[in-house]
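Data first, discussion second: the structure below is written as structure tokens.
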Amino acid sequence: MTQLKKYKAHALKNKIMFSSDDHVYMSQALQLAKKGLYSTSPNPRVGCVIVRDNKVVGSGWHTYAGQPHAEINALNQAKGMAQGATVYLTMEPCAHYGRTPPCVKTLVLAKVTKVIIAMLDPNPLVAGKGVSFLEQSKINVLVGLMEEKAKDLNIGFVCRMTNNRPWVRMKIAASLDGRTALNNGVSQWITGEAARHDSHRFRARSCGILTGINTVLADDPKLSVRYIETIRQPLRIIVDNRLEIPVTARIFRGENELIFTINDDKKKIANLKKIGAHPIILPDIEGRVELARVFHILANYEINELLVEAGSKLNGALIKAGLIDELIIYFAPNLIGSSGLGMLKLPELSNLSEKNSLKIQDLRMVGEDIRIMARVV
């Protein structure tokens, strides 16, 4: 049995050993972890609570990459009170040197007695090694408390570490009859202001936003985060097979925007590099870039969560290739009719068994619009 499988077995066994107090303190740790929702990438969102004699003596969360991890911030607050305490961590502490030193050694030096962990770190550099180090140092370790909540909070990090690609969300705004724009391309604004503000929360938590050349040429979007306070803007990524994008496009901010193309036109590439863009030339697959390869490359750029805001052609291609994990669809209370542009350009089905199945995760009103969140089965 591998070390990772061993601690997954521990997690299943330990789930029946947690008290109501344990759940309360881990809930607090998860709330702390959420404070890093818009800032920690490419690192995971992690919170920590330290409890001694039924009293919280230290708490903290990871703010952003390169800064101290959650347990270090909590230990700094607890100081000498951490000795003999129980530590509640939403993710296994690191056991390797990365941007910061390993946290397990600091926990041992603080002389804590017990560490309760929500989830193991899926990073192969850790993956059970943190738990093993603590146990070898005679610290009692329990794993698996509120594990699913911790995983959901770090769904992109887990996906990148286990599948070598980001967790991909597709956002669509449409009329109630599924139209994203008029036939002439006009789409502003189908949904209301509340829905537009809400969609920026998903932009803010994403490491990157991907769109297609048709959307750039039609709408000239900035694809920036507004309405939400954030310390960073997501990386802009464009799929542009023939390299048609103008250097004057508003999507360019001189921040190393990525352009995936099959066109190796040296003049066009040089002009794009002059404005800070980064063209990536991929093999020609029937006149298009290979989308699965795009996502593997984005994993190398440490993209955890990717938001797709594109037109029906690219949307359909991504669905057809099985590369979408989750859909966020805002339906406005209006009708456009069959002349309007659709959400997804997909090949005609000959049998209903070929349909793409979804599992609804959340359904709610956002202002006057309906928001549906669904995961691809």
Side-chain angles (χ1 to χ4, degrees), residues 155-156 159-160 162-181 185 187 190-191 195 199 202-203 205-219 221 223 234 236-241 258 260-262 282 285-299 303-332 336 338 340-363 370-377:
I155 198 163
C159 189
R160 178 165 68 89
T162 57
N163 300 323
N164 191 36
R165 69 172 186 83
W167 178 265
V168 186
R169 294 187 180 94
M170 178 182 288
K171 190 221 88 176
I172 299 173
S175 61
L176 203 57
D177 56 347
R179 301 296 160 177
T180 61
S187 61
I190 288 178
T191 54
S199 70
F202 295 101
R203 282 188 181 183
R205 69 177 291 168
S206 300
C207 304
I209 303 177
L210 181 142
T211 193
I213 183 59
N214 291 337
T215 298
V216 174
L217 295 176
D219 300 337
L223 294 186
R236 260 79 67 192
I237 304 148
I238 307 102
V239 175
D240 181 4
N241 294 315
L258 302 183
F260 288 94
T261 184
I262 58 173
L282 295 180
I285 307 296
E286 297 181 349
R288 298 184 298 274
V289 300
E290 184 182 354
L291 294 171
R293 187 167 178 182
V294 167
F295 287 2
H296 289 312
I297 292 172
L298 292 180
I303 302 293
N304 290 338
E305 296 180 21
L306 181 70
L307 185 66
V308 175
E309 296 193 30
S312 63
K313 188 175 180 181
L314 182 54
N315 284 350
L318 289 167
I319 289 287
K320 182 182 176 182
L323 295 172
I324 298 300
D325 300 298
E326 188 171 25
L327 287 93
I328 306 164
I329 306 177
Y330 297 90
F331 284 111
I336 290 178
S338 60
L341 303 181
M343 298 190 296
L344 302 160
K345 186 176 181 180
L346 289 168
E348 182 180 353
L349 303 183
S350 58
N351 195 300
L352 276 176
S353 63
E354 300 169 352
K355 65 184 182 295
N356 295 277
S357 298
L358 306 173
K359 182 178 181 181
I360 304 296
Q361 300 292 117
D362 184 74
L363 191 155
I370 300 169
R371 188 190 76 187
I372 297 176
M373 295 182 66
R375 291 185 182 173
V376 178
V377 177

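Note that the numbering runs from 1 along the sequence shown for the chain. Reckoned from all heavy atoms, side chains included, excluding hydrogens, waters and symmetry mates.
Rounded to the nearest 0.5 Å, atoms CH2 (Trp167) and CG (Leu307) are 13.5 Å apart. Summarising the geometry, atom CZ belonging to Arg165 is positioned 13.5 Å from atom CD1 belonging to Ile303; distances are rounded to the nearest 0.5 Å. Taking CZ from Phe260 and CG from Asp240, the interatomic distance works out to 12.0 Å, rounded to the nearest 0.5 Å. Expressed to the nearest 0.5 Å, how far CG of Leu306 lies from CG of Asp325 amounts to 9.5 Å. Considering CE of Met373 and CD of Gln361, their distance stands at 8.0 Å, rounded to 0.5 Å. The distance from atom CD1 of Ile155 to atom CZ of Arg205, rounded to the nearest 0.5 Å, is 8.0 Å.
The closest donor-acceptor contact from the side chain of Arg236 to the backbone of Pro234 lies under 3.5 Å.
Nearest heavy-atom pair, Val216 versus Pro221, reported as atom, atom and distance to 0.1 Å: CA-CD, 3.8 Å. When every heavy atom of Ile328 is checked against every heavy atom of Arg169, the shortest pair comes out as CD1-CD, 3.7 Å. Contact detail for Pro166 and Ala299: the closest heavy-atom pair is CD-N, 4.4 Å. Ile190 and Arg179 get closest at one heavy-atom pair: CD1-O, 3.5 Å. The two residues Thr261 and Val289 come nearest to each other via the heavy atoms C-CG1, 3.6 Å.
No side-chain heavy atom of Glu290 sits less than 4.5 Å from a side-chain heavy atom of Leu282. Between Ile297 and Leu258 there is no side-chain heavy-atom pair separated by less than 4.5 Å. Within the 4.5 Å cutoff, no side-chain heavy atoms of Val168 are placed close to those of Leu210. With a 4.5 Å cut-off on side-chain heavy atoms, Asp219 and Glu309 do not count as touching. Counting heavy atoms from C-beta on, the side chains of Lys171 and Tyr330 come closer than 4.5 Å. Counting heavy atoms from C-beta on, the side chains of Ile209 and Ile237 never come closer than 4.5 Å. At a threshold of 4.5 Å between non-hydrogen side-chain atoms, the residues Ile213 and Asn241 do not count as touching. The shortest distance between side-chain heavy atoms of Glu326 and Phe202 does not fall below 4.5 Å.
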**Message:** Is there a side chain to side chain contact (heavy atoms under 4.5 Å, CB included) between Val376 and Leu358? Walk through the geometry before answering.
**Reply:** CA-CA 5 Å; Val376 178; Leu358 306 173; 3.9 Å; yes
**Request:** Decide side chain to side chain contact (heavy atoms under 4.5 Å, CB included) for Lys320 and Leu344; before the verdict, give the C-alpha distance in whole Å, the side-chain angles of both, and the deciding distance to 0.1 Å.
**Result:** CA-CA 10 Å; Lys320 182 182 176 182; Leu344 302 160; over 6 Å; no
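Between Asn304 and Arg160, the side chains place a donor N or O and an acceptor N or O closer than 3.5 Å (distance only, hydrogens not considered).
Listed by chain and residue number, Ser175 satisfy the side chain to side chain donor-acceptor pair (under 3.5 Å) test with Asp177 (two or more places apart in sequence, or in another chain).
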Between side-chain atoms of residues 311-319 and protein atoms elsewhere (two or more places apart, or another chain), which donor-acceptor pairs fall under 3.5 Å?
| residue | atom | partner | partner atom | Å |
| --- | --- | --- | --- | --- |
| Asn315 | ND2 | Ala310 | O | 3.4 |
| Asn315 | ND2 | Gly311 | O | 3.3 |
| Asn315 | ND2 | Met343 | O | 3.3 |

